[in-house]
Trainee: 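Sharing a structure below in structure tokens format, with a few things to ask.
Convention: sequence-line order gives letters A, B, ...; per-chain numbering from 1. Owing to the predicted nature of the structure, the values given are computational and were not obtained by experimental measurement.
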Amino acid sequence: DAKTTQPPSMDCAEGRAANLPCNHSTISGNEYVYWYRQIHSQGPQYIIHGLKNNETNEMASLIITEDRKSSTLILPHATLRDTAVYYCIVRVDALSSGSARQLTFGSGTQLTVLP
Amino acid sequence: NAGVTQTPKFQVLKTGQSMTLQCAQDMNHEYMSWYRQDPGMGLRLIHYSVGAGITDQGEVPNGYNVSRSTTEDFPLRLLSAAPSQTSVYFCASSLTQNRGYGYTFGSGTRLTVV
């Protein structure tokens, strides 16, 4: 699975959009981008995923560049409860690869939403 | 629908003691796994299971055993606790390991080995 690079920390003002970048320059064509977050002391929570098209759900939007070498997770109106560590994970969809894949977490980005 | 339930939430062990961390899910998920998280670090995979009767090792399996006799339960056993096993342990389940989304995590077990 491709490696990802995320800034270790970011701040965002409450009510503003939080834009969390992720670099995955070695991503291959069948690898998806997944985002999870971990609020302090809790288990990680799935947010969103995508392959090459931009995706949006009730929690966030995911923007993937045309060359797929980087992506941005957008929380449109950040609240204090969005303060968490955000993990960007790149992984093959095992159905297409035929082999097992695990969910591998790096260090993530600590997002702090400021009042 | 309880999701993934881990017990106990907190535990203190003495070096050399053994114990079992419990994990149960009620979502009929095929895939279950155990992670550990040390302070300031990401999660590391210990063991996983793709179905009842099937288990395999993850990144850091030494000192831990698992079994999967039912779909619902996936206990993690510490054979002889060591201070290096002081960590927060998370159990996760997913309908299938084939997809990277939809993993549900438990609330964690905070283990201290003295």
Trainee: Do any pairs count as a salt bridge (charged side-chain N to carboxylate O under 4.0 Å, His left out) and have a residue in residues 72-83 of chain B, sequence neighbours left out, and if so which ones?
Mentor: none

Trainee: Using non-hydrogen atoms only, which part of B/Gln37 is less than 4.5 Å away from chain A: side chain, backbone, both, or neither?
Mentor: side chain

Trainee: Taking the side chain as every heavy atom from C-beta outward, state whether A/His24 and A/Cys88 have any atom pair closer than 4.5 Å.
Mentor: yes

Trainee: For A/Asn30 and A/Ser28, test the side chains for any donor-to-acceptor distance below 3.5 angstrom and give the result as yes or no.
Mentor: yes

Trainee: Check whether B/Leu43 gets within reach of chain A through its side chain, its backbone, both or neither, counting any heavy atom under 4.5 Å.
Mentor: both

Trainee: So what's closer than 4.5 Å to chain A heavy atoms on B/Arg110: side chain, backbone, both or neither?
Mentor: side chain

Trainee: Would you say the side chain of A/Gln38 lies within less than 4.5 Å of the side chain of A/Tyr87, judging by non-hydrogen atoms?
Mentor: yes

